[in-house]
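What follows is a single structure, written as structure tokens, with notes after it.
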Amino acid sequence: MSDINHSEHEQHNHDHGHDHAGHGHDHHDHDHAKEAAPKERDSRYWLSLEQWSQDPEFQKMAEQEFMSSPLKESDGEDGWARREFLKLMGASLAMASAGCIRRPVEKVLPYSKQPEEVTLTVPNFYTSTYFDGTEALGLLVKTREGRPLKIEGNPKHPLIKGGTSARAQAHILSLYDPERIKGPLRNLLNKAKTNRDTIDIKWEEIDDATVKQLAKGGVAVLTGAINSPSTRAVVGDFCQAFGAKHVMWEPLAHEEIREGQKASYGEEVVPLYRFDKAKMIVSIDADFLGTWLTPTIFNRQFSMARKDIQNMSKLVVFDSAYSLTGANADVRVRIKPSQQISVVMGLAHEVAKKMGGMKPALEPFANVASEIGIEPALLSKMAEDLVANRGKSLVVAGGLPTLTGKSVELQIAVNYLNSVLGNDGVTVDSKAGLPGLGASYQDLAQLVDGLNKGSVKTVIIHGCNPIYSLAESFGFHEAIKKAELVLYTGDRNDETGQVANYIIPDHHSLEGWNDAEIGRGLYSIHQPTIRPMYDTRSFQLSLMTWAFMAKKGPKRIQQFETYYDYLRNVWKEEIHSKVGKGKSFDDMWDEALQEGVVGTQTSGGSRTFRADALNSVKPTKSEGFELVLYPTVQLGDGRLANVSWLQELPDPVTKICWDNYVSISLATAEKLKVKEGHLMDISVNGKTYKLPAHIQPGLHNDVLAVPVGYGRTAAGKVGTGIGLNAYQMVSYQKGMPIYSGAKAEVKNTGLKYDLANPQGHHTMEGRQIVVEATLKEYLKDPAAGKHQHHIFSIWSGHAYNGHKWGMGVDLNSCTGCNACVIACQSENNIPVVGKKYVIQGREMHWIRIDRYYTGYPENAQVVFQPLMCQHCDNAPCETVCPVAATVHNSEGLNDMVYNRCVGTRYCSNNCPYKVRRFNWFNYAKLIEKPRHLALNPDVGVRTHGVMEKCSFCVHRIKESKNRAKLEKRELKDGEVITACAQACPTDAIVFGDMNDPNSKVAQMFKDPRGYALLEEFHAAPNVRYMTKIRNNDQESLKGHDSKGGHA
Amino acid sequence: MMKRNPLVLGHKNLKDITEDIVAPVESFPSKGWLGLFLSAKTLLIFYIITLGIVVGTGIGLLGVNHPNAWGTMIVTFVFWIGIGHAGTLISAILFLFRQKWRTSVARTAEAMTVFAVMTAGLFPLLHTGRPWLDFWLFPYPNQRGPLWVNFRSPLLWDVFAVSTYATVSMVFWYIGMIPDFATIRDRAKNKIRYMVYGALSMGWRGRARDWSHYEMVYLLLAGLSTPLVLSVHTIVSFDFAVSNLPGWHTTIFPPYFVAGAIFSGFGMVVTLMTLVRIGFPEFKNYITLDHMEVMNKIIMATGLMVGYAYGSEFFVAWYSGNLYERAVFVNRAFGDYGWSYWCMISCNVIIPQLFWFKSVRRSIPIMFIISIFVNIGMWFERFVITVTSLHHDFLPSNWGNYAWSPYDTAILVGSFGMFLTLFLLYLRLFPAISIAEIKPVINVGYETEEGGHH
């Protein structure tokens, strides 16, 4: 075993309670346990009769055969291998937390030499980062007994202040994915590279073969976007060492933005957009609240600009698909991709009319309003608003729906408009621009050329999955087969793994050291939160190893034994000087580890727009159906397809889960006689694809919208075969991808298909559920929109003299990002039931975001409502439980006593909000190891036949109360925070003590915008919703205008 | 003095009665009975296996889901309990009203009640998510506080109501059969038969004192059972009425359910009696066409009450102006489950109107068919009540349909297996008509007796 690996494991003193655990007993106890209970075998694959019959001798031998763990061979001081330790802790944990199930007795052993900072049951929080290819979020990872349990946002992150996204919350599950490969693999590829067999292989063999191959030259390193300065440094050093080329590529590359910026201002950069500084925002298909660039940061910025309702910002969205941003728009106009340029240039034309400065390039765009089907007055008003907010407005476009082949021209037009309005340097911040977003299709096209010509012989692929996310027409699929050696650092033998010769698994992002530049000038450290679970090696260390073995490259890539050392060196040499602020390196380093983020963001600097850039922008016209491909909030580019939480998370707008589909407008559905779920044949680029139809209100009649990220073929048990791979529908022009705007044909096959949609009905049927008001109504009366019922009771209710917990949900801040849903699932061990049972109505989410359409169906608007247990003071569920399994406690919570529940389900019937969830089967039994390690020990795992529901995170309340009691003080407002409130990037959910008159939640309850859901029912809920205010120019929401384009 | 039709046809004397009624108990079963019994038994075994699978794997095998947390198990429960009420009405209430015609049908009707309650009783126990913990529903002293049950919950009241009903009905039925068991014991030629029926008859000697005690106990039990006819189904209706759902939360439910129960119960009695008459042709002299006609009249009367209840529910829903109430009722008739609603209306309201015609009332084939429809309609009524209110309640995002699965069908059909097995066994083991009660009315309708009155 190479020394480097050995010391990497030993060297980080950053302790997780593993290496110091001096466990008194020896291995023999283990063997005994192993022989006593035959381990679960994979009944499909066996190589010999001994393996099949589970011969103990053979098993023992099999266990040792490919072992390359350093600990097993050389550890002297502790007789405990980490895997056994993890297994045992996991087993004891499962036993402790699954109280109702009888299990054979398993012994739990405490530390005999407890590590200093570990107190059992008290969590440790470590800062880290989550990077999904575009957005880097600062995280606080809650760990207990040496493993991460829950992801939280880092409150010290200056841009998100503690919020997270659904995918950041969910990626912890990929750490415990049972299908992660446990060591490096060699693909037994045949000549055509079509078979799937792999065998285990030692690191030394791979390293030897690789170094030999690298000596031949023609090396390319293909990675996803890298925003880590240290990783960039390593890759740079490696490329220097071997004369290799570094290509960065992501399916969601932001090339068009960089190209557009280059054409407009001469610099290739992805700016940071400042939605918090904008009073008037126009988005043309940029789903900045959902999936574009840095949605969590944008969510926070956007909502902060709207907290002060009197001065709230205005959002106008021109939407091809029904995006999350369109759902939050004050004014939404449905368009098709070929109209994007017309929209921007039309607006620019109107702006020029008002401000002067008409350009010849703008002349052809005089009648855009009628072209896109809105009143000219509306377009004029938008221009007026933009002009009135010069310097504090923002026009954005980008993302897959804009990659039409004219995507760069669109960016130029947008840049022009921003410059004319004086936004550049204020709301379009090029200095603060997102570094590391250098992914490029054109560079990848060059790599394909190189492979075809034979000049590229070796490819090391890291952090991207090109075989999955590229259409075959790009040429990569054929070209990669020509390489002599392909190495892949993925965590499983996925689509790209299957064309690689060696799979050299990288640590999971929660297992390894790294860093990130989360904004220019802002740096964060990425700490590991668990010792690597398997025999994985970080990508950076692999590069360092090869450079060391070949004795090539700059000194620093050869001199360090671990990537941790290399990283520290980069920080010492390069970053310390930028952000040191006079502190010593060690102090700065500790601060970086503790706070999570160091440095200050650079900003400002407006630029001059290149006058002639606009001339390349010409009008486009198109007839017939146009395809729009877009990433979804829940799956993004598809890399987390095997995370079941994300597959079961319904899309925020369509509310469909476990599938993708083609969205069509109501008129198209009627014309083609399509019902929801009918299979459609979609022909685009000469091929035909079958997809179920989803009828989407508010879609342009010529648009066929299909989400990407589905249709994986080798993601694992959960993600494989779900939906259709829409990346296949992409075509390429000069290396640039065409995702949208492609002409398509669609036909109804008449075949039926079931789409899983947990939401039953999509309109409010005239009931007061989500209350909306226009800004004008609000300014006249803050309680506008609410019908106040006359509630009376002859009984004054119980007195709550201690704490009285309540929750406020600001519907004006909630953007529907669904981070709270995943946070709750993670915190409370909520099971996933799968597509079949979602269709049967058995989904288990304790909090859900209901989405209702309002207005006219062709041009529907959307409202969101997070719905969780309302903890009613007059709870209808409490009176009807025959065994008193649900009771009200002295602090206003409705407590669900799992142990007492016999499962009559009367409580669910009586709940008007239907927030209760029943365990129809024994979901706990189905948890596959090591997935059980992600369970939160503070919250039980429910057995079958038991009802469960949101508990206002009562375990967190208890924990905080205990802490305050130990510290002999009162609880502070904001100290107790539920998982959903903590995850929310927009502070839409606020939790606190209503008996504390100064608490935020008490203010919310007094706010005139506040109302209780189903108030007249008089369940006296402890949750208040604040009305949603739409900043359109309407006097009131009553009597919607049916002409297209109006709110 | 009005001329009555004879209650016992065929000029029977006392010996004839004993011979006729005890004959099925003393003779070997016919092929018909054996065939029916084997099918019922098979269905029962299938039922037990299905229930075992459901209890072991999880209640999710049925169609219950969010929001329809109650489904076919509760519907079938109410169905069977309702059926039982007719039996108690015939045995107890008609006894107190001194209706002599009840004598030939009372025993079998009471048996039907006991078996219906037994069949129904399984459902509230097995529809729970953790049936092995059902004993927690009973208030027993314990060390955990002591931890009592929630007496405010209608399901708890159900526990008391149904267990009271089961025990009282069982006792009433059994006590009534004691003199008849003694008759069989006295005729017994077989040692085992002698011992079994001897034990069952509890040492009955037929002395005046025995009869005097018997009459008193019978009267008391009848008096005890009478309020149960009204109260038990009222409590069962409280499962729905005390909750808050639109379509459930209405004060008409207690009388509506009780009327419906009697309606469906008489439907089942008519079904069973026509089959008994066919199976034991001699019984036609005891369960005469007049008996059947009277029962049909009761079916029609209660059917009209049920029809009125439907109408008034609808009216009040509209009159209340309550948005949710109105929506539920419109949805009931015209929504996804509209077909079940119209099935219910036609079976319960329209079809029994045929009984206005005497020829229909006295035609065995037609009344058999109508009684089947009555039971189908009543099952659907409970289905409509349970599912349509749950699937279309306050928040539209929660609306969702019941996910009917093969297990639902299996359990519904299987419950009939249990009921029929018990009933068929009863027909062969216990005297199906009350010898002790028939003998006193043997002369009714004949001119011979002095005074001509009882």
Side-chain angles (χ1 to χ4, degrees), chain A residues 100 655 758-767 769 833 837 839-844 848 850-852 865 867 876 878-885 887 900-923 943-947 1013-1014 1017 1019, chain B residues 55 57-70 74 124 127-137 147-159 239-240 242-246 248 322-324 327 386 389-403 405:
Chain A
C100 307
K655 304 302 282 171
Q759 178 156 342
H761 192 78
H762 309 286
T763 54
M764 291 188 272
E765 302 291 325
R767 305 174 183 197
I769 300 174
V833 296
Y837 291 110
I839 293 177
Q840 287 186 9
R842 307 271 175 76
E843 70 280 1
M844 296 299 284
R848 61 180 192 262
D850 284 340
R851 179 272 297 119
Y852 294 107
Q865 184 175 51
L867 201 65
E878 289 167 6
T879 48
V880 294
C881 174
V883 291
V887 294
R900 179 72 171 165
C901 178
V902 287
T904 59
R905 307 185 298 285
Y906 201 169
C907 53
S908 164
N909 289 343
N910 222 22
C911 175
Y913 308 103
K914 289 289 182 296
V915 287
R916 287 174 158 271
R917 297 285 175 256
F918 191 71
N919 284 276
W920 303 101
F921 295 104
N922 197 347
Y923 299 123
T943 180
H944 92 259
V946 163
M947 189 66 83
L1013 187 59
L1014 295 178
F1017 187 82
Chain B
V55 167
T57 316
I59 204 81
L61 287 173
L62 301 175
V64 280
N65 59 12
H66 308 119
N68 306 293
W70 279 356
I74 293 293
H127 98 287
T128 58
R130 299 203 284 175
W132 49 93
L133 295 174
D134 278 338
F135 64 96
W136 283 348
L137 283 157
L147 179 60
W148 297 112
V149 294
N150 179 12
F151 291 103
R152 295 152 78 197
S153 165
L155 287 184
L156 228 306
W157 309 335
D158 257 359
V159 167
D239 285 348
F240 301 100
V242 170
S243 83
N244 288 307
L245 284 174
W248 280 16
N322 182 316
L323 166 68
Y324 304 110
T386 308
S389 289
L390 283 172
H391 102 279
H392 198 91
D393 68 341
F394 294 94
L395 298 182
S397 63
N398 291 322
W399 293 354
N401 287 357
Y402 191 73
S405 83

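Naming convention: chains lettered A, B, ... in sequence-line order (proteins, then strands); numbering from 1 in each chain.
Rounded to the nearest 0.5 Å, atoms CG (B/Asn65) and CZ (A/Arg917) are 10.5 Å apart. For the atom pair CG (B/Leu147) and CZ (A/Arg900), the distance works out to 4.0 Å, reported to the nearest 0.5 Å.
In this structure, A/Arg842 contributes its side chain and B/Val64 its backbone to a donor-acceptor pair below 3.5 Å. Remark: the backbone N or O of A/Val946 is not paired with any side-chain donor or acceptor of B/Arg130 at under 3.5 angstrom. Side-chain atoms of A/Asn909 never come within 3.5 Å of backbone atoms of B/Thr386 as a donor-acceptor pair (strictly under, hydrogens ignored). Here the side chain of A/Arg767 pairs no donor or acceptor atom with the backbone of B/Leu323 at under 3.5 angstrom.
When each of B/Val149, B/Ile74, B/Asn68, B/Asp158 is scored by its heavy-atom pairs under 4.5 Å with chain A, the top score falls to B/Val149. Chain A forms more heavy-atom pairs under 4.5 Å with one residue of B/Asp393, B/Leu62, B/Leu156 than with any other, namely B/Asp393. Highest contact tally toward chain B, considering only A/Ser908, A/Pro758, A/Cys911, A/Cys901, is held by A/Cys901 [criterion: heavy-atom pairs under 4.5 Å]. In terms of non-hydrogen atom pairs under 4.5 Å with chain B, the most contact-rich of A/Cys881, A/Pro876, A/Ala885, A/Gly766 is A/Cys881. Chain A forms more heavy-atom pairs under 4.5 Å with one residue of B/Leu395, B/Asp134, B/Leu133 than with any other, namely B/Leu395.
The aromatic rings of B/Phe394 and A/Phe1017 sit perpendicular to each other, their planes meeting at more than 60°, with 30° as the lower class boundary. Using a 30° and 60° split on the angle between ring planes, A/His944 and B/Trp132 fall in the perpendicular class, above 60°.
Of the options A/Val883, A/Thr904, A/Val902, A/Val880, a side chain to side chain contact (heavy atoms under 4.5 Å, CB included) to B/Leu155 is made by A/Thr904 and by none of the others.
The nearest pair of heavy atoms linking A/Asn910 to B/Ser243 is OD1-CB, 3.0 Å. Shortest non-hydrogen contact noted between B/Gly129 and A/Phe918 is CA-CZ, 3.7 Å. Smallest separation of non-hydrogen atoms from A/Pro882 and B/Leu137: CB-CD2, 3.3 Å. Across B/Asn150 and A/Ala884, no two heavy atoms sit closer than the pair CB-N, 3.9 Å.
B/Leu61 touches chain A through backbone and side chain together, each having a heavy atom under 4.5 Å away. The parts of B/Ala69 that come within reach of chain A are both its backbone and its side chain, each placing non-hydrogen atoms under 4.5 angstrom from that chain. Interface residue A/Tyr913: backbone and side-chain heavy atoms are both found under 4.5 Å from chain B. The contact between B/Phe240 and chain A is made entirely by backbone atoms, counting heavy-atom distances below 4.5 Å. For A/Ile839, no part sits under 4.5 Å from any heavy atom of chain B, backbone or side chain. When heavy atoms are compared at a cutoff of 4.5 Å, A/Glu878 approaches chain B solely by way of its backbone atoms N, CA, C and O.
Side-chain contact annotation: B/Asn398 with A/Arg848, donor-acceptor N/O pair under 3.5 Å present.
Contact of the B/Pro154 side chain with the A/Tyr906 side chain is registered, since non-hydrogen atoms from C-beta on lie closer than 4.5 Å. Here the side chains of A/Trp920 and B/His66 are in contact, with some heavy-atom distance below 4.5 Å. Under the 4.5 Å side-chain criterion, counting only non-hydrogen atoms from C-beta, A/Thr879 is not in contact with B/Val242. Residues B/His392 and A/His761 form no side-chain contact, since every pair of their non-hydrogen atoms from C-beta on lies 4.5 Å or further apart.
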